[in-house]
2 protein chains.
Amino acid sequence: MVEELKKKRVHKPAEERQAEILDAAVLIFASKGYQVADVQTIAEHAGVGKGTVYRHFPTKEELFKQALIRQLDILRCKMLRAHDAYSDPLQQLKAVMSTYFQFFDDHPETIELFVHERAEFGHDETPLYFARMHEHTDDWIPMFEAVKAALPMRDIDVEEMMCLCGEIMHGAVYLSKAIVPSRASHERLEQVFRFYLHGLVTNASIDEIYQLHNL
Amino acid sequence: MVEELKKKRVHKPAEERQAEILDAAVLIFASKGYQVADVQTIAEHAGVGKGTVYRHFPTKEELFKQALIRQLDILRCKMLRAHDAYSDPLQQLKAVMSTYFQFFDDHPETIELFVHERAEFGHDETPLYFARMHEHTDDWIPMFEAVKAALPMRDIDVEEMMCLCGEIMHGAVYLSKAIVPSRASHERLEQVFRFYLHGLVTNASIDEIYQLHNL
DNA sequence: CATAACTGACCGACCAGTCCGTCCGGTTGA
DNA sequence: TCAACCGGACGGACTGGTCGGTCAGTTATG
């Protein structure tokens, strides 16, 4: 009656195995948090033994960070692609923001991963989330410069523009789950984007700008 | 030589004991996180035995939540006091925002506490941080109504105003530690407040508004 | 058969919560 | 005034269970 179904052992290229393990890690870490998630569960979920996990990642901590980096790279990549799809700087900005919101709509577990990183490791080192953000700051400067040039801007420097943009997007996503009734993040794109522009410009009509830039 | 310094046992009113324990709990939970912090350490820090902690709080989780609630109440109370010190709605708003930033400047450990709550318990229940915020939403509606009446507002309803205000303040505080070089939160007050107003109004001169309201 | 990948039982450290002996300090009565 | 007494607050050793990381043995592959 009780079938002893033995999983067949398979050897795979390291890269593929690691990807499987990382996918499982993202899920488990996101749902339980770093401390509570246990490596055994991740291994089972990835369909491998615990020993195998440790063959590919030296410690639980490293496993977590790799899982996180994987997600960060995916997000970053999507944002860059969204940017490159447009030439008008305001369209670029809106597309990037949209991608950001959409990403967290599609992968709510990633929010949890970020939250847990901030809680667990943000204490004494800058979270990878921000480290990476900051590391790649330069990539976005040209866009913000262009936005600035395109708008009747009040006196704000580019760094401040970027900082505010990051804060408001992060805030919207981070708090999106907490608001009752919770709205899908991307529904908030329009609201947040308009608000952001209003916050930047002097006194021009936002509607004019919208029309001018086909937003 | 080695003095056996035995702590004298002292009986105290329950309330006082609990306050001592909660203060220790805030510190330890904030610095280590919910999972890593151990009750023994909290007990030692409060100058009591572990058993005593469990006399006053049924579980570690309850201890954490009480510690959090304590901080939330302090913050809320300060914000209300700041509000009541002014009659002009814009001055009130600015004062409340200022208090919020100042509080986290003075008690950076409280940020950590919120972060850990979101990570540990925000998963399946609304964090107390937001629950309380939402619970007391009504307290702030009159102020935002008044702000709205005082400004040449674009078409935003009060709920949205409050939501955006919360997000931008939370974002500024939450990210304040991540930015390099990190600025004291309160230094950002002016920047964030102006940004917020710009985001609300139609096309009036912010400077006019500032002068009119003595900001 | 040689080698590399894989496995999971095992070890030791760690910790939430318990439990009972200890001792404080308020009360009583002579 | 003070000594004997007692309720209950207190302390901390202990227990039971958990989990990160290891390693000796097993299985696939060439």
Side-chain angles (χ1 to χ4, degrees), chain A residues 4-68 116-117 119-121, chain B residues 4-68 116-117 119-121:
Chain A
E4 184 62 37
L5 57 122
K6 191 87 175 186
K7 216 177 54 61
K8 198 162 184 301
R9 227 186 240 191
V10 188
H11 288 199
K12 291 191 183 177
E15 204 174 316
E16 191 177 338
R17 257 294 127 81
Q18 285 168 20
E20 286 172 3
I21 293 171
L22 286 180
D23 283 342
V26 168
L27 239 62
I28 303 298
F29 277 133
S31 74
K32 312 234 198 159
Y34 177 74
Q35 295 293 345
V36 177
D38 82 89
V39 177
Q40 183 67 53
T41 308
I42 293 171
E44 279 163 17
H45 211 273
V48 301
K50 190 156 88 160
T52 303
V53 173
Y54 278 95
R55 287 194 69 264
H56 293 281
F57 304 93
T59 60
K60 186 187 186 187
E61 181 169 337
E62 193 56 33
L63 174 59
F64 179 83
K65 292 192 171 170
Q66 290 302 323
L68 182 68
H116 289 301
E117 193 219 356
E120 210 57 47
F121 305 106
Chain B
E4 184 61 36
L5 58 121
K6 192 85 175 189
K7 217 177 55 62
K8 201 165 184 298
R9 233 184 236 196
V10 188
H11 287 204
K12 291 190 181 176
E15 203 173 318
E16 192 176 336
R17 256 295 127 82
Q18 284 167 20
E20 286 172 3
I21 294 170
L22 285 181
D23 283 342
V26 168
L27 238 62
I28 304 298
F29 278 133
S31 75
K32 311 234 200 164
Y34 176 75
Q35 295 294 344
V36 177
D38 83 272
V39 177
Q40 182 68 54
T41 309
I42 293 170
E44 279 162 17
H45 212 273
V48 302
K50 191 167 153 184
T52 303
V53 173
Y54 278 96
R55 165 169 317 291
H56 292 281
F57 303 94
T59 60
K60 187 187 186 186
E61 180 169 338
E62 194 55 32
L63 175 59
F64 179 83
K65 292 192 170 170
Q66 291 301 323
L68 181 68
H116 289 302
E117 193 218 358
E120 210 57 48
F121 305 107

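Order of the sequence lines fixes the chain letters, A, B, ..., with proteins taken first and strands second; residue numbering starts at 1 for each chain.
Judged by distance alone, with hydrogens and angles left aside, A/Lys50 brings a side-chain donor or acceptor within reach of the base of D/dG20, the pair sitting under 3.5 Å. In this model, no side-chain donor or acceptor of B/Lys12 finds a partner on the base of D/dA9 within 3.5 Å.
Using the six-membered ring where Trp is involved, B/Tyr34 and B/Phe29 have ring planes that are parallel, under 30° apart on the 30 and 60° scheme.
Atom CD of A/Glu120 sits about 7.0 Å away from atom NE2 of B/His116, to the nearest 0.5 Å.
The interatomic distance linking B/Asp38 (CG) with D/dC19 (C1') rounds to 16 Å, in whole Å. Between the OH atom of A/Tyr54 and the C1' atom of C/dA4 there is a distance of 22 Å, given to the nearest Å. The distance between atom CD of B/Gln35 and atom C1' of C/dC14, rounded to the nearest whole Å, is 13 Å. Atom CD of A/Glu62 and atom P of D/dG20 are 16 Å apart (whole Å). A/Glu20 has its CD atom 14 Å from the C1' atom of C/dA5, to the nearest Å.
Salt bridge B/Glu20/B/Arg17: present, at least one basic N to carboxylate O contact under 4.0 Å.
Within the structure, the side chain to side chain donor-acceptor pair (under 3.5 Å) test picks out the following pairs touching residues 49-60 of chain B (sequence neighbours left out): B/Gln18-B/His56.
Residue B/Thr52 places none of its side-chain N or O atoms closer than 4.0 Å to OP1 or OP2 of D/dA9. Between A/His56 and C/dC6, a side-chain N or O to OP1/OP2 separation shorter than 4.0 Å is present.
Along DNA chain C, the nucleotide nearest to A/Arg55 and the one nearest to A/Gln40 differ in position, and the one closer to the 5' end is contacted by A/Arg55.
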